[in-house]
Amino acid sequence: MSKVQFELDGKMVEAAPGESIWQVAKREGTEIPHLCYSPEPDYRADGNCRACMVEIEGERVLAASCKRTPTVGMKVKSASERAKSARKMVMELLVADQPARETSHDPDSKFWNWADKVEVSESRFPAAERWSGDHSHPAMSVNLDSCIQCGLCVRACREVQVNDVIGMAYRNHDSKIVFDFDDPMGESTCVACGECVQACPTGALMPSSLLDEQQITRTVYADKKVDSLCPFCGVGCQVTYQVKDEKIVYAEGRDGPANHNRLCVKGRFGYDYIHHPHRITKPLIRLPNAKKDAMDQVDPANPFTHFREATWEEALDVAAKGLVKIRDEKGVKALAGFGSAKGSNEEAYLFQKLVRTGFGSNNVDHCTRLCHASSVAALMEGVNSGAVSAPFSAALDAEVVIIIGANPTVNHPVAATFFKNAAKKGTKLIVMDPRKQVLSRHAYKHLQFKPGSDVAMLNGILHTIINEDLTDKQYIAGYTEGFEELKVKIQEFPPEKMEKICGIPAETLKEVARLYAKAKSSIIFWGMGISQHIHGTDNSRCLIALALITGQIGRPGTGLHPLRGQNNVQGASDAGLIPMLLPDYQPVGRADLRGAFEKLWDQDLDPKPGLTVVEIMNAIHAGTITGMYIEGENPAMSDPDLQHAREALAKLEHLVVQDLFVTETAFHADVILPASAFAEKVGTFTNTDRRVQLARQVVKPPGDARQDLWIIQEIANRMGCGWTYSGPADVFNEMAQLMPSLNNITWERLEREGAVTYPVDDPHKPGNEIIFTTGFPTASGRAKIVPAHVTPPDEVPDADYPMVLSTGRVLEHWHTGSMTRRADVLDSIEPEATAFMSPKDMRRLKIWPGDFIRLETRRGAIEVKVRSDRDVPENMVFMPFCYAEAAANLLTNPALDPYGKIPEFKFCAARVEKIDIRTAAE
Ligand code: SF4
């Protein structure tokens, strides 16, 4: 389609295909009022408020410029008297229905600002009947007396975030915005993404944090706004924080490449944990009489009870001397460190450098071991890169999207909105998971396979693709190796045989195989349902094989995307927080690769891989590791078989923990170093799409809390490292010398552009969102196809433990809950530990929702309330692992995948017993 030339206010202008008059006017610098239309974020124009009317020569009625597209030669007058007075009349009519500006909910709303611009302050028309307020939600207030029924909130909820909660109900004068069936917002199915609040132009929907105590009038106005990022998941949403008196009061979505102004409940309302009264604001040293006991728990009312305050000088000296003593007396292998996937790339890099040079071994790991280690192992083996091949927004270009072992509406909520957008556009979503989920409702098919039978199901699909000759032979010949071995091996796994193992009918497996293989573009997303198994690497091998034998990789709408969990788990892995790999996945055992690090760091490095997370805990029990430095990780909640992990932490001769709170891990520390929260630091973070993004400091750390980078450097220098880094930019510059993935990305470029996706070919070109377009970064340039065996889970149900326990997250809480359980809104929405069971099992066991059960496995038992959930299959209990008072990981199985060394969090045998509530409370 060609461009359209037309006249706007006497000047010839040009409209791109599909561009509205309003959009051209904006580009030309002409301001036209708009209320029901939102250009940023770019919502579908509706043309219902008529605030943007313009005159078109030869037409009898005025036109809504937000919806009208120009035609060749059209003459538009945006500032004629007729257009201006019509717009003024519209505003006057709308003002009539509003509370007076002085008492309005948001006197600084977009609505009142437009009223100022069109010079309307009061109305000659009678006021309409007023709706009363709804303050049932902990995060948002609804005051419909300000509602102009522009429908932006409806579009926000239904078309952008696709949550389908808000609608317009009733007729004529009674028509109004409703939640579900006109329920109070707080009792509706609202997931509190806040998109409606961000879209509302009048203050009818407001964040409660900006209103007075009665939730009526805005009393809080920010004194600064700072652009940064969300601290929670790997989606990497860009956020603008509003700050008043050094406190964050609200978070708005920015137009970042990953989120396009969208946020979820955590990013929008979960920011206040940094102001929690339990923040550690002074260094703490363990009291001499505070014995370490694995069974002892942090007292939530008084978390500091085992510690005394110290100066930084004293705390750093005690922390470092303890580590040096162990290193010098017991040897370098007696120390280990856990870095953090919540810290910046620069912090991760310095932390692993400290362990490799200051401690002297490769005993450094982080929580990637517990989330995608097996995915990375399979990807490194297959394509020699652990990163995703395409961003999650590639779903919008795909004909078929497979989402397996992932629950994105809970764990990657903003990414999930794009999946739902894709489904609305006609993309076939195929969700595969033992549990159903919100995305199942949007899916073409949900394959609810038996827990732990992933390889059987995927091999059945591979068998069909190969045996029905649906492979891409040219792609296989040009870019892969190992196909012949797969072709032979896969004959063991016909769909009819796999049906008996995975529970999915053979015909369904075949249909999915045909859909995926024949589509012009198919992409696979996966999560921890794939990786957290003893056969996690085999699961991922199957997914890689699917993409390779069909050529569904390296083009728009195709690829492999393990959805990364923590906000910087991709960056922390890239930066080398991995025991067997130096930064950028360079094996420690390769002398040729290690040499560059030894040269720049001026030190010989240990050529032997270090121990992984669970192996380190085992080594503590064995007495070979006696000292640890843990920065921002909480293994006392996140490790499998927690009793074993907590006993290990309690057994350590010297434990230094750097964190925001006295976490369950910090509780066992000898020294706690008060760190900076995400919003208190500057640094780069890499999201699941490989986007390196710059986070800016929003507020200062409280009290005497310090920057993590500074703390790591102080410890390093007390261990003899002699570092002189001046700040994150300085560290980034050193990383860029050693990490080819950062080629053409500089600190200055990040300051300028905010986000750059690696790899980047040229300092002036954007990064490559899609990789493997012409082969793979392997020695041969080909990807390796590796067949997978069908292996049962490590611990299958039996007569004593007849059910399956699977663990994961809930929308409102992140990981071990150390941040989100201290965020007011999040914890008030999901305040207590709950186990999820199928209604059928509950009926069978005579359990009612809200009853307490004793949930037991071979490693321990917890007592917890039950929630009925139809998405959970029979004979399964699902339990979030964020609740310290009922820590699910006390129960999980530490058995490891042999390649990724990741524990089998997703499957262990369990039993359930109903208990009397009084027994539970005792
Ligand atoms: Fe934050 Fe993830 Fe939610 Fe985005 S989707 S706001 S990054 S938690």
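Order of listing sets the numbers, starting from 1, for every ligand and every atom in it. Computed from a predicted structure; not experimentally measured.
Electrostatic pairing of Arg691 and Asp689 counts as a salt bridge here, judged by a charged N lying under 4.0 Å from a carboxylate O. A salt bridge does not link Lys420 with Glu159: none of the charged nitrogens is closer than 4.0 Å to a carboxylate oxygen.
Residues passing the side chain to side chain donor-acceptor pair (under 3.5 Å) test with Glu633, sequence neighbours excluded: none.
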Pairs under 3.5 angstrom only: tabulate donor-acceptor contacts from the side chains of residues 423-430 to other protein residues two or more places apart or in another chain.
from	atom 1	to	atom 2	distance (Å)
Lys425	NZ	Leu396	O	2.8
Thr427	OG1	Ala398	O	2.8
Thr427	OG1	Ala422	O	3.3

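Counting only protein atoms, the N, O or S atoms lying less than 2.8 Å from atom 1 (Fe) of ligand 1 are Cys230 SG, ordered by chain and residue number.
For residues 431-443, the set of pairs meeting the salt bridge (Lys or Arg N to Asp or Glu O under 4.0 Å) definition, not counting sequence neighbours, comprises Asp164-Arg441.
Between His815 and Phe881, the gap from one ring centroid to the other is short of 6.0 Å.
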